[in-house]
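Quick notes on the structure that follows.
In the text below, chain A, chain B and the rest are named by the order of the sequence lines, each starting its count at 1. Scope of the values below: all heavy atoms of this structure, side chains included, with no hydrogens, waters or symmetry mates. Quick caveat: nothing in here was measured; it's all calculated off a predicted structure.
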There are 2 protein chains.
Amino acid sequence: MSTVSIKDIARVAKVSHSTVSRALHNSPLVSRETAERIRRIAEEMGYRPSAVARSLVTRKTKTIGVVVTTIADPFIAEVVSGIEEVANDHGYSVFLANSNADPDREIKVVHSFHERRVDGILVTASRVGALYMNHLSEMKVPIVLINNQHPGEFVHSVMIDNVTASRTATEHLIQLGHRHIAYIGDQFGYQSDTERFAGYRQALERSGLTFQPELVVHGDGKPEGGMRAMERLLALAPPPTAVFCYNDMTALGALRVARMRGLRVPEDISLVGFDDLFIASYTEPPLTTIRQPKRQMGRQAMALLLQLLNGENSQQTIWVQGELIIRASTAPPRKEEAYAHPRS
Amino acid sequence: MSTVSIKDIARVAKVSHSTVSRALHNSPLVSRETAERIRRIAEEMGYRPSAVARSLVTRKTKTIGVVVTTIADPFIAEVVSGIEEVANDHGYSVFLANSNADPDREIKVVHSFHERRVDGILVTASRVGALYMNHLSEMKVPIVLINNQHPGEFVHSVMIDNVTASRTATEHLIQLGHRHIAYIGDQFGYQSDTERFAGYRQALERSGLTFQPELVVHGDGKPEGGMRAMERLLALAPPPTAVFCYNDMTALGALRVARMRGLRVPEDISLVGFDDLFIASYTEPPLTTIRQPKRQMGRQAMALLLQLLNGENSQQTIWVQGELIIRASTAPPRKEEAYAHPRS
DNA sequence: CTCATGGCTGCACACGTTTCCAATCATTGG
DNA sequence: CCAATGATTGGAAACGTGTGCAGCCATGAG
């Protein structure tokens, strides 16, 4: 009673509900005058069509599901922001669900999306388990992954070119004169970590620098892990003159430890991050890092999904390039150190 | 055909679809054996009930709409994270929509939520226009506002006690010996800014310090505004020995300018923020600030909404208290300054 | 004037559930 | 043995919308 339906309008306008439906869709099948009259009445009665009833018959909900590890991650939040923007512009609403990287919750989320009959799914999670993937594919709905590498056949994705980006980052350090460059990775086994590490090694090789295993340590993608890793690096003799970090969060921890140990950045040690989070410009010193076009990636992922929803068969994966943003956390090494560890 | 319905199961089980419906709801009206048989068949056929069909008849969608200015704001992201957590735990899915503080978009969003027949709405936006509010109320659905003051009758909200919190923050500076304390506000006219300013003045008054209008400047809630404001403050003669900022983002800008001017924090000037964003612990020095229990506020807001959805009439507004987190950006003023501007 | 044509309109069904009501069947007490 | 009772089950309507199909009316051609 509180909500007015198409039949209520029909009663008032003294026509059938079919005519109302057609009038509201600007169908050419209904005469101009009646159409206008009906539209006016609908307006006056404050009619809002029921998306749920419409979805039932059209078998399209105009909704998409977005699953993220946690929306509290600033990287993810930016991506989602981009997704939501283009989704909204095309009349799609987005369901947001945090998985907290908990397998049980992930499955619950996917089932929920399935029951809600979302038209498509976007996933931004650090890693997608095979089991999870199966559940996803069960519902026969287009899926786009963001920064997720998975061998699955039917999935599409937009991904950053990790190895090129980290090679660029490392080369930047090499060009500054560093020869003793460390890498603080993410937890072992993550695809993106492996790729960034590969870029780091490529840069070393191309410059003829020998790879030193002790200069590679692992964090956890968060400041705490960066701190622990940095402490291990600084305990080395000699310690590195530059550190390339898996991401900005890791760099944040590394930076803090450097300062606690009384080291000046970049005079005593250079630091490079990855992601270019908002904070990267406000650290002391501002952080040199690789920029991921986060919002843009969200937009592209949604655009790709829209193509799939329209039945256009599009490319399987979209690659985006990172951009080296040089700020103040990198500088040439101190002279004596540069000469102490020459090219080998 | 790809999706299996209740009728498909009925056909296989050789019963009516009503029985299937009942069996899947564990209704006592259906015999144990048939119920179990039906459930087994449903399981085998990979049945997932259609939430949209169900919603049509039950007139409940088990969805809520969350409108935020932008999910890219770390404060908001944390709140949303809390919302989503308890929503999910209670079987509700959340629609996320960014308004970007654009009135047109706000209205579009509300209409979209209306058409989707969400059961309730949560709003985390800096300011809700009256017009917008009207559109919201039109749909006769419970609404909970977070950190939004609005005189509306029917709305519920969870809010931080801004004046107590900022009084506490300012008192902290006074207790350290500061007598020349500035306030960098948000853009003029915002409710929360007014309240935080009020707390600042209360603290001054209670300590018998005279309020100096030139020590109050306005930013924009972002680092850029904080930078501009801080520059104006440092041009004063004498400049303040301590600055209380509207929020951490503002403090970030203020901190940067202080360092650019060669001032040491906290030795030369103390800084206090508000919010306790994640970054507050990783600035140099770590920022003294007021912690808002962001995730908790999201949880409480959703819990309040759930009460409303269950028809329980609950309190109109929930107040939460901020907590002073003392880190390293505040310290006693330098001696000569403390004496140079004694209590008046 | 008659018939065909075209422009509008209404009827009926479908989408997938839930739920009220009636019907069937077996069981039990009298 | 009959009636009443209780346990199961099926039929049908409803939720709000979209749409194929048939029907109605007016108009114009022959």
Side-chain angles (χ1 to χ4, degrees), chain A residues 1-39 41-42 45-63 91 111-112 114-119 139, chain B residues 1-39 41-42 45-63 91 111-112 114-119 139:
Chain A
M1 23 216 69
S2 69
T3 60
V4 21
S5 85
I6 220 178
K7 292 184 186 173
D8 299 323
I9 299 176
R11 203 174 307 120
V12 173
K14 300 196 193 307
V15 293
S16 76
H17 77 276
S18 331
T19 306
V20 176
S21 174
R22 282 190 272 256
L24 296 177
H25 282 297
N26 297 320
S27 161
L29 288 180
V30 48
S31 80
R32 258 179 65 88
E33 314 94 75
T34 41
E36 279 172 7
R37 187 167 55 92
I38 289 173
R39 280 196 286 269
I41 293 176
M45 296 179 71
Y47 172 72
R48 287 286 146 197
S50 162
V52 8
R54 174 181 299 156
S55 297
L56 187 57
V57 36
T58 63
R59 315 180 70 84
K60 301 234 160 109
T61 55
K62 286 283 213 165
T63 58
H111 283 174
S112 154
H114 193 168
E115 298 190 351
R116 301 225 118 96
R117 301 293 191 260
V118 297
D119 292 338
M139 47 194 296
Chain B
M1 25 215 66
S2 69
T3 60
V4 20
S5 84
I6 220 178
K7 292 182 185 174
D8 299 324
I9 298 175
R11 202 174 307 121
V12 174
K14 299 198 193 308
V15 293
S16 74
H17 74 277
S18 330
T19 306
V20 175
S21 173
R22 283 190 274 257
L24 296 177
H25 283 297
N26 297 320
S27 160
L29 289 180
V30 47
S31 79
R32 257 177 67 87
E33 313 94 77
T34 41
E36 278 172 9
R37 187 167 55 91
I38 289 173
R39 281 196 285 269
I41 292 176
M45 295 178 73
Y47 171 72
R48 288 286 147 196
S50 162
V52 8
R54 173 181 298 156
S55 298
L56 187 57
V57 35
T58 62
R59 315 180 69 82
K60 300 233 161 109
T61 55
K62 284 285 213 165
T63 58
H111 283 174
S112 154
H114 193 168
E115 299 190 352
R116 300 225 120 94
R117 302 292 192 261
V118 296
D119 292 338
M139 48 194 295

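Among the atoms of the strands shown, base atoms are found under 4.0 Å from some heavy atom of Val57(A). If you check every strand for non-hydrogen atoms under 4.0 Å, Ser31(A) touches sugar and phosphate atoms only. Within 4.0 Å (heavy atoms only), Val15(B) reaches sugar-phosphate atoms of the nucleic acid but no base atom.
In this structure, the CZ atom of Arg54(A) is 14 Å from the P atom of dG16(D), given to the nearest Å. With rounding to whole Å, Glu33(B) atom CD is found 12 Å from dA7(D) atom C1'. Atoms CZ (Arg32(A)) and C1' (dT9(C)) sit 19 Å apart, rounded to a whole Å. Atom NZ of Lys7(B) is separated from atom C1' of dT9(D) by 17 Å (rounded to the nearest Å). A straight line from CD1 of Ile6(A) to P of dC13(C) spans 19 Å, rounded to a whole angstrom. Rounded to whole Å, the distance from NZ on Lys14(B) to P on dG10(D) is 12 Å. Atom CG in Leu24(B) sits about 9 Å away from atom P in dT17(C), given to the nearest Å. As rounded to whole Å, 15 Å separates atom C1' of dG16(D) from atom CZ of Arg116(B).
Residue His25(A) places at least one side-chain N or O closer than 4.0 Å to OP1 or OP2 of dG18(D). Look at Thr19(B) and you'll find a side-chain N or O under 4.0 angstrom from OP1 or OP2 of dG10(D). For Ser50(B), no side-chain nitrogen or oxygen approaches OP1 or OP2 of dG16(C) to under 4.0 Å. Residue Ser21(B) places no side-chain N or O under 4.0 Å from the OP1 or OP2 atom of dT17(C).
When distances run from any side-chain atom of Ser5(A) to the nucleotides dG16(C), dT17(D), dC8(C), the shortest one goes to dT17(D). Comparing atom distances between the Arg22(B) side chain and each of dT17(D), dG16(C), dG10(D) picks out dG10(D) as nearest.
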| task | Start with the C-alpha distance between Ile38(B) and Arg22(B), add both sets of side-chain angles, then the distance that settles side-chain contact (heavy atoms from CB on, under 4.5 Å), and finish with yes or no. | result | CA-CA 10 Å; Ile38(B) 289 173; Arg22(B) 283 190 274 257; over 6 Å; no
| task | Evaluate the side-chain contact (heavy atoms from CB on, under 4.5 Å) criterion for residues Asn26(A) and Arg39(A): first the C-alpha distance (whole Å), next the side-chain angles of each, then the deciding distance (0.1 Å), finally the verdict. | result | CA-CA 9 Å; Asn26(A) 297 320; Arg39(A) 280 196 286 269; 2.8 Å; yes
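Nucleotides of DNA chain C nearest to Thr34(A) and Ala53(B) differ in position, and the one nearer the 5' end is that of Thr34(A). Place Leu29(A) and Thr58(A) on DNA chain D by their nearest nucleotides, and Thr58(A) ends up nearer the 5' end.
Scanning atom types as modelled, one donor and one acceptor separated by under 3.5 angstrom connect the side chain of His17(A) and the base of dG18(D). Between the side chain of Arg59(A) and the base of dG16(C), no donor-acceptor pair of N or O atoms lies under 3.5 Å. At a cut-off of 3.5 angstrom, counting only N and O atoms as typed in the model, there is a donor on one side and an acceptor on the other between the side-chain of Ser18(B) and the base of dG11(D).
The distance from atom CD1 of Ile41(B) to atom OH of Tyr47(B), rounded to the nearest 0.5 Å, is 13.5 Å.
Nearest heavy-atom pair, Leu24(A) versus Ala42(A), reported as atom, atom and distance to 0.1 Å: CD2-CB, 4.0 Å.
Counting only N and O atoms by type, the side chains of Ser16(A) and Thr19(A) include a donor and acceptor under 3.5 Å apart.
Between the side chain of Arg37(A) and the main chain of Ala13(A), a donor-acceptor pair closer than 3.5 Å is present.
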